[in-house]
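For reference, the structure discussed in these notes is given below.
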2 protein chains.
Amino acid sequence: MPPRKSRATSFQVARLAGVSQPSVSRAFTPGASISKEKRDKILAAAKELNYVPNVFASSLSSARSNMVAVISGSLSNPFYSESMQVFIEQFQDAGRQVLAFSVEANRDCDEALMLAMRYPVDGIVVTSASMSSEVVRMSEGLGIPIVMYNRRVVGSNLANVRCDHEEGGARIGRFMHAAGARSFLIVRGDPQGSSSGDRERGFREAVERLGTRGIEDLAGGSSYSGARNAMIRYFGGPAPHFPDAIFAVNDIMAIACADVLREIHGLRIPEDIMLAGFDGIREGQRPAYGLTTVRQPIERMVRETLELLALDGGPIPNGDRKARLIPGDFIPGKTVPGLAAGT
Amino acid sequence: MPPRKSRATSFQVARLAGVSQPSVSRAFTPGASISKEKRDKILAAAKELNYVPNVFASSLSSARSNMVAVISGSLSNPFYSESMQVFIEQFQDAGRQVLAFSVEANRDCDEALMLAMRYPVDGIVVTSASMSSEVVRMSEGLGIPIVMYNRRVVGSNLANVRCDHEEGGARIGRFMHAAGARSFLIVRGDPQGSSSGDRERGFREAVERLGTRGIEDLAGGSSYSGARNAMIRYFGGPAPHFPDAIFAVNDIMAIACADVLREIHGLRIPEDIMLAGFDGIREGQRPAYGLTTVRQPIERMVRETLELLALDGGPIPNGDRKARLIPGDFIPGKTVPGLAAGT
DNA sequence: TTGTAAGCGTTATCAC
DNA sequence: GTGATAACGCTTACAA
């Protein structure tokens, strides 16, 4: 591969402006000590030569890159694409650029992490998938902070920001039970992901404590198509038996459930069967669905993620400060009948 | 800001392995001439020191960064977030990293472009917003190719990939007319965007040619909430008068229209009123909507965008090859009554 | 305020 | 195949 056409350097600008090369650097550094007239002369020369400073070169000497890596699971789940958007916006506001990676569902993100660590990024956010302890050790050796977003790794003390999935699941469970549901179906998500498991456990324990006639579950694959296919198969018999309520561990699967229940089985929600999801994605809140769910407060979660990265050179949080458990917002919705009393 | 903890360098690895520094570089360069045993020794030393090559430094000498910038409009429009996802995936497959920028709706992207150009990126993709001729000139001076995605800039010869919006709009118009629609409402999008205008024009000319009882239009703001509010206001009178058909220039606004028509006015689609959108986003194809629309073939459009960037050092396309007009896929859907005959 | 000189961590070039 | 040495384009002392 041939190198691209070369760009103008600070030396060329310096020569054209009749100053020294470091002066050019100063002219582009906010707050550097340089006379106004000299700066103007330099900027004019720079414009003439189409010069802009080369971030890679400056980062080499200054040892700061202003870049962060965001490694995300499949962006086809709206929760992750909404999160990615907020990351890009908030990092941009904080004067950082985002190097974006995507990892296929159910694969570990070691490869992406190794790639990211070749860049002198100021930090790495991992929103999905698992990683080996090897890359974690390497990130520590490199001095690059990693924050897990919406994940936790059991048995590690990695910094992480996540919603209180367990309490959120329990909240859904109590709400459905109070609405009269006694038999349940749980549509499970990514078996690797800690979030799915936490939501399921919270839900299960809550309804079991309150009393139930049975809890079944099926693997929904965390995606619309996965859940749709699983539902069609599960209720595919000649006279399918429906539970009182279905809890899908995320909204995109809950939407798939709603579509299957209505289109294929002609059921009304919530009159014939109750339904709830988790995440609070926009699509689930349209009038067509009005999903009962728990919203993950993305803006806040992203903000706390930035805090944990300690990008501005503050102390890197540790101990309790390294794990942020954020309560989700319960949204009653209209796929579970509401009640007068609180739950 | 203090520099981060320093990482191991190739010199330290070289010393530990008892070789010269360039050998370390070779050990990490696929296809470099180095003996297997020496490479193994070096890789072992590297592992011990947590060494990985620094991309910034290597890019400085090799003048290639393997990074591309993607500047996108608001990712809250699913078309753009789906596109961003595909860009990330396809660039990753091509061995490139994506530096992601987001630009607020209705703002030009000069600022983001200037930022991106400070990085020695191999190319820039712009999926939104307008830009000044000044930054275009600068990109040429820097030798960084720019490709517009789903946009064209009138009066410029910037490389661009876009769907045939005009023919797509016309197709929708003919289909609705064939289904019996004679009075129309167009929900317009971003007044800055060329795509919205092209779709609207194609639609308008097609139905005018076929004969109509009137075409009205309103500004939908390109977003769900914008279109929802506009629709509520537009049909807010005591006895609103509805057209035969509504064409929203993108799916996300069409979805908003469907919600307002059904929830607020109790209309059935398509029995009481026809509706169509544009883009073919996943959400519009759920059974709850089954939107009549034109799908933009994102995968193919992204592939052609990569081609135009000529990342592998091939000749940079020019002339006719610089503009790719891709036909959209018409999706009949169920929000316009189907017909036996073609349209 | 300004210029000189010394890095920053790689790859490229060239002998050996 | 391997090692010395010179870039790459910038920032940061340090001196003037």
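Numbered from 1 within each chain, the chains take letters A, B, ... in sequence-line order.
- Of the possible polar contacts, none joining the Asp110(B) side chain to the Asp108(B) backbone as a donor-acceptor pair under 3.5 Å is found.
- Summarising the geometry, atom CE belonging to Met131(B) is positioned 4.0 Å from atom CD1 belonging to Ile146(B); distances are rounded to the nearest 0.5 Å.
- Ring geometry, Tyr149(A) versus Phe87(A): the interplanar angle exceeds 60°, so the pair is classed perpendicular (tilted spans 30 to 60°).
- Between the side chain of Ser25(B) and the backbone N or O of Gln21(B) there is no donor-acceptor pair closer than 3.5 Å.
- At a threshold of 4.0 angstrom between heavy atoms, the contacts of Ser23(A) are confined to the sugar-phosphate backbone, with no base atom among them.
- Less than 4.0 Å separates DNA chain C from at least one heavy atom of each of the following residues of residues 34-50 of chain A: Ile34(A), Ser35(A), Lys38(A).
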If a protein heavy atom is under 4.0 Å from the base, mark B; if only from the sugar-phosphate, S; if neither, -; do that for nucleotides 6-16 of chain C going 5' to 3'.
-BBBBBBB---
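- Scanning for ring pair (Phe, Tyr, Trp, His ring centres under 6.0 Å) contacts around Phe101(A) gives an empty result, with sequence neighbours left out.
- Gln12(B) CD: more than 12 foreign heavy atoms inside a 6.0 Å radius.
- Neither side chain, Tyr119(A) nor Ser65(A), offers a donor N or O lying under 3.5 Å from an acceptor on the other.
- Salt bridge Glu304(B)/Arg300(B): present, at least one basic N to carboxylate O contact under 4.0 Å.
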